[in-house]
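Because the structure is predicted, anything quoted here is derived from the model rather than measured. Residue numbers run from 1 in the order of the sequence given.
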Amino acid sequence: EERRLIDMIRESMSAIGENFCTQCGYCMPCKQGVNIPAIFQMWNILRGYGGAEYARLEYMKMREQRHWADFAGKSAEHCVECRECEAKCPNKLPIVDDLKRAHADLTAEGWGEKAKI
């Protein structure tokens, strides 16, 4: 039973990849108001935990700045690619590129030409 649970968790985590946001918040605050940890949390829910519908709905609410959204802040398309967040990330994540991928996955669209996966 425990082995099966461990295998299930390992499989879910492999969908997220080896390098992922741990929501430490060191990348914050973003001068543009982008809620980087929340976006990555929704992306992780979409990719690794089978919560695609919830993650996409919450991201849509974030994009529309609905006051009842579970996640406050601005969505990824508000990123101006200053990369200040990347300099502060202890995990050395490519935050700007990952925001583009997260946005594309969470919306089934991208922003700008660079957002194509």
Side-chain angles (χ1 to χ4, degrees):
E1 177 79 20
E2 289 176 358
R3 178 57 111 190
R4 189 176 60 79
L5 181 59
I6 290 169
D7 290 342
M8 184 179 75
I9 292 168
R10 186 176 288 136
E11 186 177 320
S12 291
M13 293 305 292
S14 70
I16 294 173
E18 287 185 27
N19 297 319
F20 59 91
C21 177
T22 60
Q23 274 88 57
C24 70
Y26 291 151
C27 58
M28 299 296 284
C30 169
K31 291 180 182 178
Q32 303 304 314
V34 177
N35 190 338
I36 299 163
I39 293 166
F40 288 153
Q41 183 178 3
M42 287 181 266
W43 195 33
N44 289 345
I45 290 168
L46 172 88
R47 296 181 301 160
Y49 300 108
E53 186 175 332
Y54 169 76
R56 287 188 171 124
L57 175 64
E58 286 306 315
Y59 191 67
M60 179 187 71
K61 289 192 282 186
M62 177 186 270
R63 290 182 77 197
E64 295 174 359
Q65 292 293 289
R66 295 186 187 177
H67 67 278
W68 63 85
D70 288 351
F71 302 95
K74 293 184 179 176
S75 54
E77 70 257 58
H78 294 277
C79 174
V80 296
E81 300 185 32
C82 69
R83 299 191 187 274
E84 288 180 25
C85 53
E86 292 181 354
K88 297 185 274 184
C89 179
N91 297 313
K92 307 291 187 233
L93 297 177
I95 293 173
V96 171
D97 293 337
D98 283 351
L99 281 174
K100 291 176 185 181
R101 283 190 280 278
H103 179 81
D105 288 350
L106 290 163
T107 63
E109 64 183 58
W111 95 81
E113 287 303 310
K114 295 179 190 173
K116 308 255 189 233
I117 295 177

same_hphob_cluster(F40, F71) at 4.5 Å side-chain heavy-atom cutoff: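 Same cluster: F40 reaches F71 through Ile, Leu, Val, Met, Phe, Trp or Tyr contacts under 4.5 Å.
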Of all heavy-atom pairs between [X] and [Y], which one has the smallest distance, and what is that distance?
| X | Y | value |
| --- | --- | --- |
| M62 | S75 | SD-CA, 3.7 Å |
| P29 | K88 | O-NZ, 3.7 Å |
| D105 | R56 | O-NH2, 2.9 Å |
| C79 | V34 | N-CG2, 3.7 Å |
| I45 | A55 | CG2-CB, 4.2 Å |
| R63 | T107 | NH1-CG2, 3.4 Å |

Once rounded to the nearest 0.5 Å, what's the spacing between atom [atom1] of [X] and atom [atom2] of [Y]?
| X | Y | atom1 | atom2 | value |
| --- | --- | --- | --- | --- |
| D98 | I39 | CG | CD1 | 11.5 Å |
| E86 | K92 | CD | NZ | 11.0 Å |
| T22 | N91 | OG1 | CG | 4.5 Å |
| M28 | C30 | CE | SG | 6.0 Å |
| Q32 | H78 | CD | NE2 | 9.5 Å |

Of all pairs that satisfy salt bridge (charged side-chain N to carboxylate O under 4.0 Å, His left out), the ones with a partner from residues 26-42, not counting sequence neighbours: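 Passing the test, one end in residues 26-42: K31-E84.
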All pairs passing salt bridge (charged side-chain N to carboxylate O under 4.0 Å, His left out) where residues 33-42 contributes a residue, at least two apart: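 For residues 33-42, and leaving out neighbouring residues, there are no salt bridge (charged side-chain N to carboxylate O under 4.0 Å, His left out) pairs at all.
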With a 4.5 Å cut-off on side-chain heavy atoms, are [Y] and [X] touching?
| X | Y | result |
| --- | --- | --- |
| H103 | E77 | yes |
| M60 | R66 | yes |
| Y59 | L46 | no |
| I36 | C21 | no |

Greater than 12 external heavy atoms within 6.0 Å of Y54's OH: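 Check passes, neighbour count above 12.
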E53 atom CD, neighbour heavy-atom count above 12 within 6.0 Å: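 Not buried by this count: 12 neighbours or fewer within 6.0 Å.
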Qualifying residue, where the test is side chain to side chain contact (heavy atoms under 4.5 Å, CB included) with E81 and the options are I95, V96, L99, D97: V96
